[in-house]
Each structure stands twice: as C-alpha cells, then as structure tokens.
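Numbering starts at 1 and runs along the sequence shown.
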Amino acid sequence: MQAASRESYKVAAERLDAYVRGTDAVAVAHAANDLLAVAGLLRREPRLRRALSDPARSGADRAELLGGMLRGKIDDGALELLVSLVSGRWSAPSELLDAVERLGVEAVLASVEASGDLGEVEDELFRFGQVVAGEPELSAALSNPAAPVDQRGVLVGQLLAGKTRLATVRLIEVALSGFGGRSFSGSLTRLVELAAERRDRQVAYVTVAAPLSEEEERRLGASLAAIYGREVSVKQTVDPHVLGGVSVRVGSDLYDGTILRRLNETRNALAKR
C-alpha cells in the first residue's frame, strides 16, 4: 500500500482492536465473516470499488453510499469498521479491496485469539499448505484460477470436514481468492505469518531430512529467539533430498547448513577447476 492507504488502514485497524476488546469471540467471528463477504463483493464489482475509493467524493459521501447499501444487512460492528475504511483516502481502488480483506482476516484471527485457538489455527494453516505442496494434483486443483472459487472451496470443505477449526477453513477460502494478490501457496504462507504476528512471534521455516524431536525444535526456537529478540514459531518441512543438516529461513534471512548445499558447493568448486 502507498502512504495514504496505509494511514487509512491503520485507523481502521486501531478501531478493530478497540472493537475486539469490548466484544466476545462469537460476535467478532460474525463481524469477520461480514467483512470478508464485503471484500468478495468489492472483488466482483470494480465499479463499486472505484466509487468507494473515489478521491473526488468526500469521505462522508462514500460512507453514506456504503451505509445505504449495507445497513441492516451486516453486523453493526462490521459496518462501522467498513465506514472507517471508506472514509479514508485510498491511492487506488485495489488498495481499498486489499484493506477490507486484510481487516477481515485480522478479525478472524482476533476471534480465535479470544477463544484461545490462535496457535492451533496457525499450525493448521501451515500443515494444510504442506499437504497441498506434497500433492501436485491437489495443488493444481486448488490453485487453478480458471476454476470458480466456490467450487474450490467445496473441495477444501470436503477435505477438512471435522479435521480443523472453522476459522482455518474460512482463512483457506480467503487464500483461494488470492489474498492480497498472491498465489494460493503465497496466500497460505502470509496467513500463517499474520497469525504468528498476532501472537508476537516470528516464523522460522525449517527444512530437515528427518523430523526434529520436540527438544531439538525447542532448542532451535530458543536460539532463534535470542537472535531476533522475540519468540519464534518453528515450522518444519521434512525433505529427504537435503540429506542431512538443517536449513532455516526467517523473513529474508536464510541459514543453509544442509549436506545438499555443501555437496553443491563442492561440485561447483570442482567444476571451476
């Protein structure tokens, strides 16, 4: 987002935090669903997107346009948050869409945080991403932009029925639409990171040839926390191709101590002789 859009989103995000503090988890979840439903509407209706972000209209005019459409049809708390968003300044209509979607995601995460399930939802999102990455046909089916989102959502619902929390399924549905313009896999990764951020944690993506024990994972997390100055959520990927050692990615930082990397370095060095 550009500066004006970031500032408008910040105001609405602060209002969301205030709303969450005074509202129970069930009501926050209802508001989250309404926010995401409006994001879907804006995705389908570019003319509405443009009207609600039009700098030639006053913020009050845009707020009245939105209220006239949605008042009585969605949760009052969700409507107030949306009014806060459309009253702000937006650098582009697409940035308003991204903001509504992001606010809906944050509301989902806030609702599961209030119910004490945020860590579990974070893990469920990551594990589902791992399952999809390991099944090329499933990955192709869920990532196919030519297939309707609703159709792909039905497939997700069938796969996860009774296996994950409802909030996890709802967030995966957001990923199917391409959260923030990302690919499906990129959307899942970003959602995992937002869940971790809400718990004030950094995500460390760890690739190993064989699973780390709980103690090994704990020690690695503690070492990384000492480096980054905050708690770290370790996400393991088991890949026998790395042969041994460990690769760790935290943000843009990569620590690759795998045997595969050392073999490749040796091979490249020999090739230059």
Would you say [X] and [Y] make side-chain contact, with heavy atoms under 4.5 Å?
| X | Y | value |
| --- | --- | --- |
| Val206 | Thr237 | no |
| Val86 | Ser53 | no |
| Glu173 | Val169 | yes |
| Ile172 | Phe128 | yes |
| Thr207 | Val246 | no |
| Glu120 | Asp123 | no |
| Arg44 | Leu41 | yes |
| Leu70 | Leu82 | yes |

Take Lys235 and Glu193, measure what salt bridge (Lys or Arg N to Asp or Glu O under 4.0 Å) needs, and give me the verdict at the end. CA-CA 11 Å; Lys235 305 300 181 190; Glu193 291 168 352; over 6 Å; no
For Leu138 and Leu159, what are the C-alpha separation, side-chain angles and deciding distance, and is it a side-chain contact (heavy atoms from CB on, under 4.5 Å)? CA-CA 10 Å; Leu138 177 60; Leu159 289 169; 3.6 Å; yes
Identify whether [X] and [Y] are in the same connected component of the hydrophobic contact network (ILVMFWY, side-chain heavy atoms under 4.5 Å).
| X | Y | answer |
| --- | --- | --- |
| Leu194 | Tyr19 | no |
| Leu188 | Val250 | no |
| Leu103 | Leu96 | yes |
| Leu79 | Leu36 | no |
| Leu118 | Leu35 | no |

I'd like to know if [X] and [Y] make a salt bridge, using a cut-off of under 4.0 Å between side-chain N and carboxylate O.
| X | Y | result |
| --- | --- | --- |
| Arg219 | Glu215 | yes |
| Glu122 | Arg199 | yes |
| Arg102 | Glu106 | yes |
| Arg43 | Glu101 | yes |
| Glu45 | Arg50 | no |
| Glu7 | Arg89 | no |

So which atom in [X] and which in [Y] form the shortest heavy-atom distance, rounded to 0.1 Å?
| X | Y | value |
| --- | --- | --- |
| Ala25 | Ala114 | CB-CB, 3.8 Å |
| Ala51 | Leu65 | CB-CD2, 3.9 Å |
| Val149 | Ser177 | CG1-OG, 3.7 Å |
| Leu16 | Ala107 | CD2-N, 3.9 Å |
| Leu176 | Arg152 | O-NH1, 3.2 Å |
| Leu81 | Ala12 | CD2-O, 3.9 Å |

Distance from [X] atom [atom1] to [Y] atom [atom2], nearest 0.5 Å?
| X | Y | atom1 | atom2 | answer |
| --- | --- | --- | --- | --- |
| Ser8 | Leu85 | OG | CG | 8.0 Å |
| Arg170 | Thr168 | CZ | OG1 | 12.5 Å |
| Leu254 | Arg249 | CG | CZ | 8.0 Å |
| Phe184 | Asn144 | CZ | CG | 12.0 Å |
| Leu109 | Leu191 | CG | CG | 7.5 Å |

Partner of Val121 by side-chain contact (heavy atoms from CB on, under 4.5 Å), out of Leu171, Val192, Val108, Leu166: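 Running side-chain contact (heavy atoms from CB on, under 4.5 Å) over Leu171, Val192, Val108, Leu166 with Val121 returns exactly one hit, Leu171.
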Checking side-chain contact (heavy atoms from CB on, under 4.5 Å) between Asp75 and each of Val28, Asp34, Asn33, which is the one that passes?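 The single option meeting the side-chain contact (heavy atoms from CB on, under 4.5 Å) with Asp75 is Asp34.
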Donor-acceptor pair, distance only, cut-off 3.5 Å: does the side chain of [X] make one with the backbone of [Y]?
| X | Y | value |
| --- | --- | --- |
| Gln236 | Pro211 | no |
| Arg62 | Asp54 | yes |
| Ser87 | Val83 | yes |
| Arg201 | Ala196 | no |
| Ser5 | Ser91 | yes |
| Ser115 | Val112 | yes |
| Ser84 | Glu80 | no |
| Trp90 | Leu52 | no |

Please test Tyr205 against Val203 for side-chain contact (heavy atoms from CB on, under 4.5 Å), starting from the C-alpha separation and ending with a verdict. CA-CA 6 Å; Tyr205 297 98; Val203 177; 3.4 Å; yes
What I want to check is whether the side chains of Tyr9 and Asp98 have a donor and an acceptor closer together than 3.5 Å.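 Absent: no donor and acceptor within the cut-off.
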Can a side-chain donor-acceptor contact be found between Glu231 and Gln202 if the only test is distance below 3.5 angstrom?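 Glu231 and Gln202 do not have a side-chain donor-acceptor pair below 3.5 Å.
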Flag if over 12 foreign heavy atoms under 6.0 Å of CG, Asp76: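 Atom CG in Asp76 is not crowded, with 12 or fewer foreign heavy atoms closer than 6.0 Å.
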Within 45° cone and under 6.0 Å: Arg182 NZ/CZ vs Phe179 ring: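 Ring-cation test returns yes.
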